[in-house]
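Right, one structure below, let's go through it.
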There are 2 protein chains.
Amino acid sequence: MASMLLSRQLTCCLQQNSRLLVFGHRYISQAAAKIDVDFDYDGPLMKTEVPGPRSRELMKKLNGIQNAEAVHFFCNYEESRGNYLVDVDGNRMLDLYSQISSVPIGYSHPSLIKLLQQPQNLSTFINRPALGILPPENFTEKLKESLLSVAPKGLSQVITMSCGSCSNENAFKAIFMWYRNKERGHNNVTKEELESCMINQPPGCPDYAILSFMGGFHGRTLGCLATTHSKAIHKLDIPSLDWPIAPFPRLKYPLEDFVKENQQEEARCLEEVEDLIVKYRKKKKIVAGIIVEPIQSEGGDNHASDDFFRKLRDIARKHGCAFLVDEVQTGGGCTGKFWAHEHWGLDDPADVVTFSKKMMTGGFFHKEEFRPNVPYRIFNTWLGDPSKNLMLAEVIKVIKTEDLLNNATHAGKALLTGLLDLQARYPHLISRVRGRGTFCSFDTPDDATRNKLITIARNKGKKLCVCG
Amino acid sequence: MASMLLSRQLTCCLQQNSRLLVFGHRYISQAAAKIDVDFDYDGPLMKTEVPGPRSRELMKKLNGIQNAEAVHFFCNYEESRGNYLVDVDGNRMLDLYSQISSVPIGYSHPSLIKLLQQPQNLSTFINRPALGILPPENFTEKLKESLLSVAPKGLSQVITMSCGSCSNENAFKAIFMWYRNKERGHNNVTKEELESCMINQPPGCPDYAILSFMGGFHGRTLGCLATTHSKAIHKLDIPSLDWPIAPFPRLKYPLEDFVKENQQEEARCLEEVEDLIVKYRKKKKIVAGIIVEPIQSEGGDNHASDDFFRKLRDIARKHGCAFLVDEVQTGGGCTGKFWAHEHWGLDDPADVVTFSKKMMTGGFFHKEEFRPNVPYRIFNTWLGDPSKNLMLAEVIKVIKTEDLLNNATHAGKALLTGLLDLQARYPHLISRVRGRGTFCSFDTPDDATRNKLITIARNKGKKLCVCG
């Protein structure tokens, strides 16, 4: 089934403008008009089909220097504001796509404009340091104002990275080091380990694995890619690692009609997780950690119950594996909580939580026991970018001041109600309506229908998004 | 032997201020005073030992939220200018370290300040797009002004990435895809390939490898790390791939006294490269590409002759392997050419050249035949950052306008002459003096001596750098 997802953007996709949402759906507008939208446009405005002639011209030019076939259209970011993305042909679209869910508070937000105009911030943008060795004076302070002010419960430590893939790669490394330290009982490293690791061999490079789920997406670098299983196009022709892959529950909707079936489906998947850990251990490949998304996003907006995740966390603990929650796409507030996994009500927090996209910087939170025991083990030249931390501190201030988490909850409820209504009216087009906060989606019967809906919506001034 | 390296920074490490260089060396000053240094300080100014009390206080705070033991000191970037890095205790140091070689034209360069102050650039800094699908109007133009204006000969294609590791990871992927397309004769992908790749298995995930060199450094994500062999601390406890590792020549200095020995050493290494390709092919692991740095930087500033690299390129072609030159550390002009591998005089250009650091954005150039045949194969959410492309265009303008490549050549010659003189005077402290452009280094007898020299220099206001 083809999935379509709606509104990965926290703030304001669903304010009064969303009365213009596809299919003329009108429920949402009153519920969510909470934030100051003085800077926003009052609706879409279409002048050409999209991509228009200027976009097509630019696509041709770009295609001369790189494969540009993935380009939707070229944008005029100077003119884009709030929820509205303006293209180079002057078309203004309501953006429920948010740059693959990476824009936290809309385009050209006044708070960020102001931040850029303050002379004292200029140096942060032009003098990018090697953060791990020569941080700026306000480094810790900005991390406390930004990331640590929203840290998941129990995770006191944070490391920044430049992107989502690097965040997961380094989280894996922190997990492998933690596991190996447990195994060797915090004894000294042997000469054999030091020598064998230089030639990629055990015991220095142990045969550890990260268990992932079919349908998951965790990035496209080689380590991440070994845990990504959403689309063949990501993985074809790239060598990989023999790491275990468990099935992710395939829930039936509406949930209330399939309680028992869904419980059985989740139990089946959890059992498979345990079986894989044992099976791989038998062939001397140790599962050091389990990675999971709170909602499988790229893989088709696949949800599971809070209970499933709590039990998965228990399995990780039982088998001594680290529990890594990948919040690269779900983090930042769009589900109504800052981190989607906060909905689960875990007794024992996740061990590691990765982020990027709407957080503007990549990185990961972790428990203190996952702290590298020696400097330079989790390290690279830039280790993120203080200019992104500076902007993130401002973004989080806006999210708090404008109560945007509640906004996402209310707007999400209105959106879901509206989608359910549409599903009832057009069951041949829309099925499996689901969502948490504004992180909503539905299935269409096939790719052709989906692509047609996307195109119609875009040419009516609403940019939607595809997954799965 | 412990190595110390000098002056990874292109511009101006060695202007009139370098009369203050460690050991009272005075040769360099006249040769290199070419660029406008109105904005620069006129010398170091030390107030405390480094790290000073304020740095120590901040290190303690940072250590509460992450391992901060790698921090040298905290910096006041607002006050840092040109070659001079100012710390939070008011110490001003001549910086020959350049943030692990990642600062292209010094701190707080007036051209970059001006760029940030122009209102038309503001949007680029606050509206970060998903470049692969929704690029800004000036995307191609900025790539042409920046990266493509300095593209290595024969490489017409360029893709941007967020950091050096992602650049190499994606270059590997482009190479694997290219190799597999060659193998399958550009026929259709089979169902078996599409299905097996989803579970990390061949034939969809073929058993391909990248050949690397002992002592090389190509990044720290799992794919890159399988080609990195400079220090155990990078690799310990991280699972890896069985990819072939060739010896890198260990040249004897002074070069003119060891012509024959060095030729033999290089021939030995090249022979081993060929042997490994054949040996791995026999065990069904195909070497799809060879990665090499023009100067092994992190691994100890290990050089080889231009002839060595030309022959290596020939071996790659002979065996059908892609030839990937990693210019993450050497690129940007410090060797006196924009790309260090331009010194080699290759007949057939490298296939892929990766960059990051001084280029402000990561990414790679490649020949047209390495262009992904389908969109979304080389892809991620951000694919770099247009604000970095904007700054890079300005940086390259400065490099050209101020003739900084020649500056690096002249300053480098003066530096090398001075170091050779020091070596003659202090042979018990300094040996194996070597360099290209300002990319200079020497060995010390042991780590203790090296660390002592670094500390003395730093407390005299010169920040040097360690490798190997």
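Computed from heavy atoms alone, side chains included, the values below leave out hydrogens, waters and symmetry copies. Chain A is the first sequence line, chain B the second, and so forth, proteins listed ahead of strands; every chain is numbered from 1.
Within the 4.5 Å cutoff, the side chain of A:Phe125 has no heavy atoms near those of the B:Ser387 side chain. Residues B:Gln66 and A:Thr160 have side chains not in contact (no heavy-atom distance under 4.5 Å, counting atoms from C-beta outward). Using a 4.5 Å heavy-atom cutoff, the side chains of B:Leu122 and A:Gln117 are in contact. Side chains of B:Leu134 and A:Ile100 form no contact here, defined as non-hydrogen atoms less than 4.5 Å apart. Proximity of B:His229 to A:Asn200: side-chain heavy atoms (C-beta onward) are separated by under 4.5 Å at one or more points. Side-chain contact between B:Tyr77 and A:Pro386: absent, with no pair of heavy atoms (C-beta onward) separated by less than 4.5 Å.
Residue contact with chain A, scored on non-hydrogen atoms closer than 4.5 Å, involves the backbone and the side chain of B:Val374 alike. Only the side chain of A:Met391 comes within contact range of chain B, judged by heavy atoms closer than 4.5 Å. For chain B, no part of A:Tyr179 is nearby; none of its heavy atoms comes within less than 4.5 Å. Heavy-atom distances place the side chain of A:Leu116, and not its backbone, under 4.5 Å from chain B. Of the atoms belonging to A:Ile245, it is side-chain heavy atoms, and not backbone ones, that fall under 4.5 Å from chain B. Of the two parts of A:Asp87, neither the backbone nor the side chain holds a non-hydrogen atom closer than 4.5 Å to a non-hydrogen atom of chain B. Both the backbone and the side chain of A:Asn63 come within contact range of chain B, with heavy atoms under 4.5 Å apart. For B:Ser123, the part lying under 4.5 angstrom from a heavy atom of chain A is the side chain only. Only the backbone of B:Ser156 has a heavy atom closer than 4.5 Å to any heavy atom of chain A. Only the side chain of A:Arg371 comes within contact range of chain B, with heavy atoms under 4.5 Å apart. The parts of A:Lys357 that come within reach of chain B are both its backbone and its side chain, each placing non-hydrogen atoms under 4.5 angstrom from that chain. When heavy atoms are compared at a cutoff of 4.5 Å, A:Ile175 does not approach chain B at all.
The salt bridge (Lys or Arg N to Asp or Glu O under 4.0 Å) contacts involving residues 101-114 of chain A comprise nothing, where partners must be two or more places apart or lie in separate chains.
The minimum heavy-atom distance linking A:Met198 with B:Met214 is given by the pair O-CE, 3.8 Å. Across all their heavy atoms, B:Arg128 and A:Gln99 have their closest contact at O-CG, 4.3 Å. The two residues B:Asp237 and A:Arg180 make their nearest non-hydrogen contact at OD1-CG, 3.1 Å. Between B:Pro375 and A:Asn67, the shortest heavy-atom contact is N-ND2, 3.8 Å. Closest heavy-atom contact between A:Cys166 and B:Thr221: SG-CG2, 4.2 Å. Between A:Ile233 and B:Tyr376 the shortest heavy-atom distance is CG1-O, 4.3 Å.
Between the side chains of B:Arg81 and A:Asn127, no donor N or O sits under 3.5 Å from an acceptor N or O.
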Verdict with supporting geometry, A:Arg377 and B:Leu236, side chain to side chain contact (heavy atoms under 4.5 Å, CB included): CA-CA 9 Å; A:Arg377 295 197 77 180; B:Leu236 184 69; 3.8 Å; yes
Derivation and outcome, side chain to side chain contact (heavy atoms under 4.5 Å, CB included), residues B:Asp385 and A:Lys388: CA-CA 11 Å; B:Asp385 184 339; A:Lys388 307 298 181 192; 2.7 Å; yes
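Under the 3.5 Å distance criterion, the side-chain polar atoms of A:Arg220 are left unmatched by any main-chain donor or acceptor of B:Asn380. Remark: the backbone N or O of A:Gly64 is paired with a side-chain donor or acceptor of B:Gln157 at under 3.5 angstrom.
Ion pairing of B:Arg54 with A:Glu137 is present here, as a side-chain N (NZ or NE/NH1/NH2) and a carboxylate O approach within less than 4.0 Å.
Remark: B:Thr140 engages no residue in a side-chain hydrogen bond (donor to acceptor under 3.5 Å, both in side chains) (not counting sequence neighbours).
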